[in-house]
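None of these values were measured; they are calculated from a predicted model.
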Amino acid sequence: MDTPNTAPLAGIKILDLSRLLPGPLGAQYLADLGADVIKIEDTQAGDYAPPALRAVCNRNKRGLRLDLKHPDGQAALAALVRDADVLIESFRPGVTARLKADYDTLSRHNPRLVYCSITGYGQDGPQRDAAGHDLNYSAYAGVADQMGCGPDQPALSNLPVADILGGSLTAVMGILAALVDAQRTGRGRYVDIAIADGLLAGAVVPLATLNAHGDTRPSGGDTLSGALACYGQYRTQDGRYLAVAALEPKFWNTLCRRLDRPDLIALHRDDSAAQQAHVKGELQSLFGSRPLAHWVELLEDADCCVSPVLTLSDSLVHPHFNARGMVHHARHEVYGPGAHIGSPVKMSGFQFAIHRQAPLPGEHTDQILREAGYDDAGIASLTERGIAR
């Protein structure tokens, strides 16, 4: 029988030196699963993510501030590493070596340390030192080219797919694999995560088109980007949208019959662009004649892969996500009230909970240094000199 509420990563200690989104969110995923994650920030700017973003990417962590440019700050980090399992950092290549916080240095203090570097383009290659953001990584990986409704309408996403898919999730995959190996062999590994690599690895659908046809389709021209009338979004009378994803014949047939348009059944995935344009026009005219609520009610019990396009606010109050325990509300003492999205990983014997709000910079400095072996005098010395805060 499963022990109730036993966190799968309980007992794993992670030092999180990363900033902004990819590293902190990946570390939060691990914290949500029970790891003791210590967010380590410098004594100046620290993690300069906006407060609202910081609040939802750093829960279930403790906070420490260290000046890693000072030898005593470097010594404090080395002391923390001795009983840590994982370290995550997101500096540009070469920075950690200058701070004596690189893998070669720290693994001498703890040979079983799993050390993960998250950068835009990795530790080698001609782009290694280039600055970038989500859109840049997506552009280099051939993914931005595939987003949008057509070649003249490239799309931007408020869900940064490169940072999260290429960065956060790829890092978690690498960390967990190396962690299993370290516990088996006693030897850690250096994990080099390039956000652009991670996103490129996910581009399997356009890759399939490339392999089959010698090139990708332009945005808006492939199966999932708008070539087919059966897969797209249609504006309703009240300015909302309906998502139609009836790719399989059984779903398309059900939809057409429910809409009383059996004449469209034979045109499901017709290869003619003109025919698909005709079907799109028919569906748009139909869906545009009534408000979203009408279509939701009409199609509610129809097994046809049609859904309302919800706003995030809608999603957070939707009965399904609440039944799944995905929506949590909390009030941070500084950042104020806000919604949190729970862990998407469900497993037997474990129940996700928010045990700590995102730590304020240095909120747990004394506690963490004491655990690392510093006495009161040693902690006072570091804090009085501004090396720890």
From CG (Leu68) to OG1 (Thr96), nearest 0.5 Å: 10.5 Å
Mark yes or no for whether Arg65, through its side chain, and Gln44, through its backbone, hold a donor-acceptor pair below 3.5 Å. yes
With a sphere of 6.0 Å drawn around NZ of Lys346, does it hold more than 12 non-hydrogen atoms of other residues, nucleotides or ligands? yes
Over all heavy atoms of both residues, which pair between Pro359 and Asn58 is shortest? Give the atoms and the distance, please. CD-O, 3.3 Å
Atom pair CG/CG of Leu64 and Leu80 - distance to nearest 0.5 Å: 6.0 Å
Heavy-atom closest contact (Gly188 atom, Ala182 atom, distance): CA-CB, 4.2 Å
Do Ile12 and Ile368 sit in the same hydrophobic cluster, where Ile, Leu, Val, Met, Phe, Trp and Tyr count as joined when their side-chain heavy atoms come under 4.5 Å apart? no
Taking CZ in Arg370 as the centre, count heavy atoms belonging to other residues, nucleotides or ligands within less than 6.0 Å. Is the count above 12? yes
Between side-chain atoms of residues 139-146 and protein atoms elsewhere (two or more places apart, or another chain), which donor-acceptor pairs fall under 3.5 Å?
unit_1 : atom_1 : unit_2 : atom_2 : d
Tyr140 : OH     : Gln127 : NE2    : 3.4
Gln146 : NE2    : Arg217 : O      : 2.9

What is the minimum heavy-atom distance between Cys230 and Arg269, and which atoms define it? SG-CG, 4.3 Å
For residues Ile88 and Ala27, report the shortest heavy-atom separation together with the two atoms involved. CD1-CB, 4.0 Å
Check the hydrophobic clustering (I, L, V, M, F, W, Y; side-chain heavy atoms under 4.5 Å; chains of links allowed) and say if Val327 and Ile341 are grouped together. yes
Do Lys61 side-chain atoms and Pro24 backbone N/O form a donor-acceptor pair below 3.5 Å? yes
Heavy-atom donor-acceptor pair, Thr170 side chain to Gly166 backbone, under 3.5 Å: yes
From CA spacing to verdict: side chain to side chain contact (heavy atoms under 4.5 Å, CB included), Ile14, Asp36: CA-CA 6 Å; Ile14 298 174; Asp36 177 17; over 6 Å; no
Please check if the number of heavy atoms outside Asp271 that lie under 6.0 Å from its CG is greater than 12. no
Assess the residue pair Ser117 and Tyr190 against the criterion (side-chain hydrogen bond (donor to acceptor under 3.5 Å, both in side chains)); give the C-alpha distance rounded to whole Å, side-chain angles, the decisive distance to 0.1 Å, and a yes or no. CA-CA 8 Å; Ser117 295; Tyr190 179 71; 2.8 Å; yes
In one Ile/Leu/Val/Met/Phe/Trp/Tyr side-chain cluster, 4.5 Å: Leu9, Val114: yes
Any chance you could measure Leu169, atom CG, to Leu25, atom CG, to the nearest 0.5 Å? 7.5 Å
Is a side-chain N or O of Asp222 found less than 3.5 angstrom from the main chain of Leu224, in a donor-acceptor match? no
Lys/Arg N to Asp/Glu carboxylate O, Asp32 vs Arg59, below 4.0 Å: yes
Side-chain ion pair, Glu363 and Arg62, N-O less than 4.0 Å: no
Greater than 12 external heavy atoms within 6.0 Å of Gln367's CD: yes
Transitively linked via ILVMFWY side-chain contacts under 4.5 Å: Leu135 with Leu20? no
Could you tell me whether the side chain of His268 and the main chain of Leu247 form a donor-acceptor pair under 3.5 Å? yes
Greater than 12 external heavy atoms within 6.0 Å of Lys100's NZ: no
Mind checking whether Leu17 and Leu87 have side chains closer than 4.5 Å, heavy atoms only? yes
Who passes ring pair (Phe, Tyr, Trp, His ring centres under 6.0 Å) against His332, sequence neighbours left out? Tyr335
Minimal heavy-atom distance between Ala76 and Leu66, with the atoms involved, is CB-CD2, 3.9 Å
Any donor-acceptor pair under 3.5 Å linking the side chain of Asn110 with the backbone of Val81? yes
Under a 3.5 Å distance rule, please check whether Trp252 uses its side chain to pair with a backbone N or O of Leu267 as donor and acceptor. no
Distance-only criterion, 3.5 Å: show the donor-acceptor pairs between side-chain atoms of residues 286-304 and protein atoms not counting sequence neighbours.
unit_1 : atom_1 : unit_2 : atom_2 : d
Ser289 : OG     : Leu286 : O      : 2.6
Arg290 : NH1    : His294 : ND1    : 3.2
Arg290 : NH1    : His294 : NE2    : 3.4
Trp295 : NE1    : Phe287 : O      : 3.0
Trp295 : NE1    : Arg290 : O      : 3.2
Asp301 : OD1    : Arg258 : NH1    : 2.8

Non-hydrogen side-chain atoms of Asp83 and Lys13 separated by less than 4.5 Å: yes
Within a 6.0 Å radius of atom OH on Tyr374, are there more than 12 heavy atoms belonging to other residues, nucleotides or ligands? yes
Pair Arg257-Ile265, side chain to side chain contact (heavy atoms under 4.5 Å, CB included): steps then yes or no: CA-CA 8 Å; Arg257 292 192 178 102; Ile265 289 177; 4.2 Å; yes
pair Leu316-Leu312: side-chain heavy atoms closer than 4.5 Å: yes
Tell me whether Thr185 contacts the main-chain N or O of Asp181 through its side chain, where contact means a donor paired with an acceptor under 3.5 Å. yes
Which heavy-atom pair separates Thr43 from Gly386 by the least distance, and what is that distance? CG2-O, 3.6 Å
Would you indicate whether Asn211, at its atom CG, is surrounded by more than 12 heavy atoms from other residues, nucleotides or ligands within a distance under 6.0 Å? yes
Reported CD-to-CG distance for the pair Glu371 and Asp366, which is rounded to 0.5 angstrom: 11.5 Å
Once rounded to the nearest 0.5 Å, what's the spacing between atom CD1 of Ile118 and atom CD1 of Ile195? 7.0 Å
Salt bridge (charged side-chain N to carboxylate O under 4.0 Å, His left out) between Arg385 and Asp67, worked out: CA-CA 10 Å; Arg385 290 181 291 150; Asp67 181 1; over 6 Å; no
Can Arg128 and Asp192 be counted as an ion pair, charged N to O under 4.0 angstrom? no
Are the side chain of Asp134 and the backbone of Asp163 linked by a donor-acceptor contact shorter than 3.5 Å? yes
Check Asp42 with Lys69, please: is the shortest side-chain N to carboxylate O separation under 4.0 Å? no
State the CD-CG distance between Glu282 and Leu259, to the nearest 0.5 angstrom. 11.5 Å
For residues Ile175 and Tyr115: do they belong to one hydrophobic cluster (side chain heavy atoms under 4.5 Å, members Ile, Leu, Val, Met, Phe, Trp, Tyr)? no
For side chain to side chain contact (heavy atoms under 4.5 Å, CB included), just list the numbers for His213 and Leu210, CA-CA rounded to whole Å, side-chain angles, deciding distance to a tenth of an Å, and then say yes or no. CA-CA 5 Å; His213 302 287; Leu210 174 66; over 6 Å; no
Note: Asp129-Arg92 ion pair, threshold 4.0 Å (strictly below): no
Keeping Ser90 on the side-chain end and Ser18 on the backbone end, is there a donor-acceptor pair under 3.5 Å? no
Lys/Arg-Asp/Glu bridge criterion (N-O < 4.0 Å) met for Arg54, Glu41: yes
Neighbour count above 12 (heavy atom, 6.0 Å) for Arg324 CZ: no
Side chain to side chain contact (heavy atoms under 4.5 Å, CB included) between Cys116 and Glu89, intermediate numbers included: CA-CA 6 Å; Cys116 178; Glu89 62 90 9; over 6 Å; no
